[in-house]
2 protein chains.
Amino acid sequence: MPYTYEYPRPSLTVDCILFGFDEGDLKVLLIRRGGEPFKGLWAFPGGFLDVDTDPSIEVAAKRELEEETGLTNVFMEQLYTFGDVGRDPRGRTISVAYYALLKLADYKVQAGSDASHAQWFNISEVPELAFDHAKILQTALDRLKGKVRYQPIGFELLPEKFTLSELQHLYEVVLGTDLDKRNFRKKIQKMNLLVELEEWQAGVPHRAARLYRFDRQRYEELKSHGFNFEV
Amino acid sequence: MPYTYEYPRPSLTVDCILFGFDEGDLKVLLIRRGGEPFKGLWAFPGGFLDVDTDPSIEVAAKRELEEETGLTNVFMEQLYTFGDVGRDPRGRTISVAYYALLKLADYKVQAGSDASHAQWFNISEVPELAFDHAKILQTALDRLKGKVRYQPIGFELLPEKFTLSELQHLYEVVLGTDLDKRNFRKKIQKMNLLVELEEWQAGVPHRAARLYRFDRQRYEELKSHGFNFEV
DNA sequence: CCAAAAGTGTTTCCGATACACCCATGA
DNA sequence: TCATGGGTGTATCGGAAACACTTTTGG
């Protein structure tokens, strides 16, 4: 018991909320808790800040994420810090939450790794969560809805090649509204963020849709000047 | 030295960034540090979370603010959490920053209280700051610029009665741009957020401007439905 | 040939922008 | 009477929204 302080200190943890998009559904990554408290319930990947080796909170979040899911190189943004008394029965715990969007197709593989207690859940089928993670999830969803208005989140959530209908559907799911197909396409095309490919959807029982990919170079250009992404 | 833990823990502090608006300038409240580290430099009001008595981080921020400035009933929003190693020479310290907008006229008085080491600084004349508070200030200013687009910050920053020119000037200062007088007035009037008073500016060496106040009731209505505040 | 989704233009409306002069007041 | 900011309207432009039919493909 070597660490002693003059005044009591809270524990500091990080939590990672990962969003993915697949088969028309927005998904979130959860981990089944193997120990108390909340054993058997689901929670976000996360853990304690290591004061000696984590140079920043974000690094701690990435480290914990890798330890629990095997995922690396995930770009995360800070979401909010939760610190109400009683949120962790083990004692006063402050949690800094980060969130990220990722291409589920690219990362699906790792589900079979040693971290097989990690699982993607459809956002409408999230099970009971540990701690105050339901509240954290709600905060993250609200943030995502805000973010979609000024950043092209499709870039991060969709696979390399996708159809315009898939992109539109992503927006509809996140925003919770229906969008007009023609207006949506007009708007998207005008941004010049997409590259039209000479490839088409395969294996569908109807007319195949053209595939597109994002123009990463133009994206970087626009990002530096700031741009609007209302749909 | 009674508090002992199995693993090391960081200190957890809160910082309060208070913005005010007065005499055409955006201001921020700072406190002169009386002790080490950074003795003599300026910093935001703040202090340590009291694990035993602060039921939430926000309460801690409000408590520290009152202790150091005498200000109460300040509505604060969480800004960001800063936790890079090295930001406090005394040891690993995580700071949860909150910010608030307030009517400087209402609060000016307390400057003469026991917390007379607190002082309002014009945003363009901020002195050297302790810790990483310059970075925190920049983050808060960025947030303010974002907030102005979808919330009527004049409501919180201006005194009860104000002229349209004062309101316009506030927007110009925060956004860092010039606005067209007629277009600004048209836009503002159309929101129906202002009540036209039968009172006029006094003591100015030119035509006196009409005074307005915000329609708080309509504000609450709009807030619940979400509204746009581009100017 | 049918079902299912892909793909495609035009019109209307409203908000954003640009712009210049007269008015009231105190010094 | 002059200097200073207060106050007002119109015309243009561009993006947002509404809206329906034809095309392609596999079953």
Side-chain angles (χ1 to χ4, degrees), chain A residues 23-25 148-150 152 154 158-159 161-173 175-213 222 225-231, chain B residues 23-25 148-150 152 154 158-159 161-173 175-213 222 225-231:
Chain A
E23 294 164 6
D25 290 313
V148 81
R149 291 173 195 288
Y150 57 91
L158 291 178
K161 301 170 183 176
F162 51 87
T163 70
L164 291 184
S165 290
E166 285 166 354
L167 183 60
Q168 178 175 345
H169 189 67
L170 165 61
Y171 276 87
E172 290 175 332
V173 167
L175 292 173
T177 58
D178 284 348
L179 301 170
D180 180 89
K181 184 162 54 163
R182 279 171 294 190
N183 291 339
F184 179 80
R185 286 168 184 234
K186 248 181 302 177
K187 178 116 191 187
I188 293 290
Q189 307 265 18
K190 192 157 26 173
M191 292 177 188
N192 282 332
L193 270 173
L194 297 188
V195 179
E196 194 176 282
L197 301 174
E198 292 301 318
E199 296 177 58
W200 283 265
Q201 207 178 24
V204 287
H206 52 74
R207 178 174 175 179
R210 183 185 282 276
L211 295 176
Y212 292 78
R213 65 172 176 81
L222 286 179
H225 297 68
F227 59 101
N228 190 301
F229 215 79
E230 289 279 345
V231 286
Chain B
E23 293 164 6
D25 290 314
V148 80
R149 291 173 196 287
Y150 58 91
L158 290 177
K161 300 170 183 178
F162 52 87
T163 70
L164 291 185
S165 291
E166 285 166 353
L167 183 61
Q168 178 176 347
H169 188 67
L170 166 61
Y171 276 87
E172 289 175 333
V173 167
L175 292 173
T177 59
D178 284 349
L179 301 171
D180 180 89
K181 183 161 56 161
R182 278 172 293 188
N183 291 340
F184 179 81
R185 287 169 184 232
K186 246 183 301 178
K187 177 118 189 182
I188 294 289
Q189 306 265 16
K190 193 159 20 175
M191 293 179 190
N192 283 331
L193 271 172
L194 298 187
V195 179
E196 193 178 281
L197 301 174
E198 292 302 318
E199 297 178 57
W200 283 264
Q201 207 179 24
V204 286
H206 53 74
R207 178 173 175 180
R210 182 185 285 274
L211 296 176
Y212 292 78
R213 64 171 176 81
L222 286 179
H225 296 68
F227 60 102
N228 190 299
F229 214 79
E230 291 281 344
V231 287

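Quick note on labels: first sequence line is chain A, next is B, and so on, each numbered from 1.
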Q: Kindly compute the distance separating OG1 (A/Thr163) from CG (A/Leu158), expressed to the nearest 0.5 Å.
A: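 Those atoms lie 8.5 Å apart.
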Q. What distance separates A/Leu179 CG from A/Lys181 NZ, expressed to the nearest 0.5 Å?
A.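 The distance works out to 12.5 Å.
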Q.
At less than 3.5 Å, do the side-chain atoms of B/Lys190 and the base atoms of C/dG15 form a donor-acceptor pair?
A.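 Between C/dG15 and B/Lys190, which were checked side chain against base, a qualifying N/O pair under 3.5 Å is absent.
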Q: Using only heavy-atom distances, decide whether a donor-acceptor pair under 3.5 angstrom links the side-chain of A/Arg182 to the base of C/dA6.
A: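 When only heavy-atom distances are counted, A/Arg182 does not reach the base of C/dA6 through any donor-acceptor pair under 3.5 Å.
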Q | Value in whole Å for how far the C1' atom of C/dT17 lies from NZ of B/Lys187 | A |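 In whole Å, C/dT17 C1' and B/Lys187 NZ are 11 Å from each other.
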Q: Measure from CG on A/Asn183 to P on C/dC13 and round the result to the nearest Å.
A: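 Result: 16 Å.
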Q.
Is there a side-chain contact between B/Arg207 and the phosphate of D/dT4, meaning an N or O under 4.0 Å from OP1 or OP2?
A.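 No, B/Arg207 has no side-chain N/O under 4.0 Å of OP1/OP2 on D/dT4.
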Q | A/Ser165 side chain near C/dA6 phosphate (N/O to OP1/OP2, under 4.0 Å) | A |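 For A/Ser165, the contact criterion (side-chain N or O under 4.0 Å from OP1 or OP2 of C/dA6) is met.
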Q) Looking only at heavy atoms, which two atoms of B/Arg207 and B/Gln201 are closest? And how far apart? A)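 For B/Arg207 and B/Gln201, the tightest heavy-atom pair comes out as O-OE1, 4.2 Å.
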Q. If each of A/His206 and A/Gln189 is mapped to the nucleotide of DNA chain C with the nearest heavy atom, which maps nearer the 5' terminus, i.e. the 5' end?
A.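 Its nucleotide being nearer the 5' end, the pick is A/His206.
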**Q.** Comparing A/Lys186 and A/Ala209 on DNA chain C - which has the more 5′ nearest nucleotide
**A.**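 So the residue in question is A/Ala209.
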Q. What's the closest nucleotide to the A/Pro205 side chain, out of D/dT8, C/dA27, D/dG27?
A.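 Of the candidates, D/dG27 comes closest.
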Q | Earlier contact from the 5' end, DNA chain D, for A/Asp180 and A/Ala208 | A |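 Nearer the 5' end of the strand: A/Asp180.
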Q | Criterion side chain to side chain contact (heavy atoms under 4.5 Å, CB included) on A/Leu197 and A/Arg213, from CA distance to verdict | A | CA-CA 7 Å; A/Leu197 301 174; A/Arg213 65 172 176 81; 4.0 Å; yes
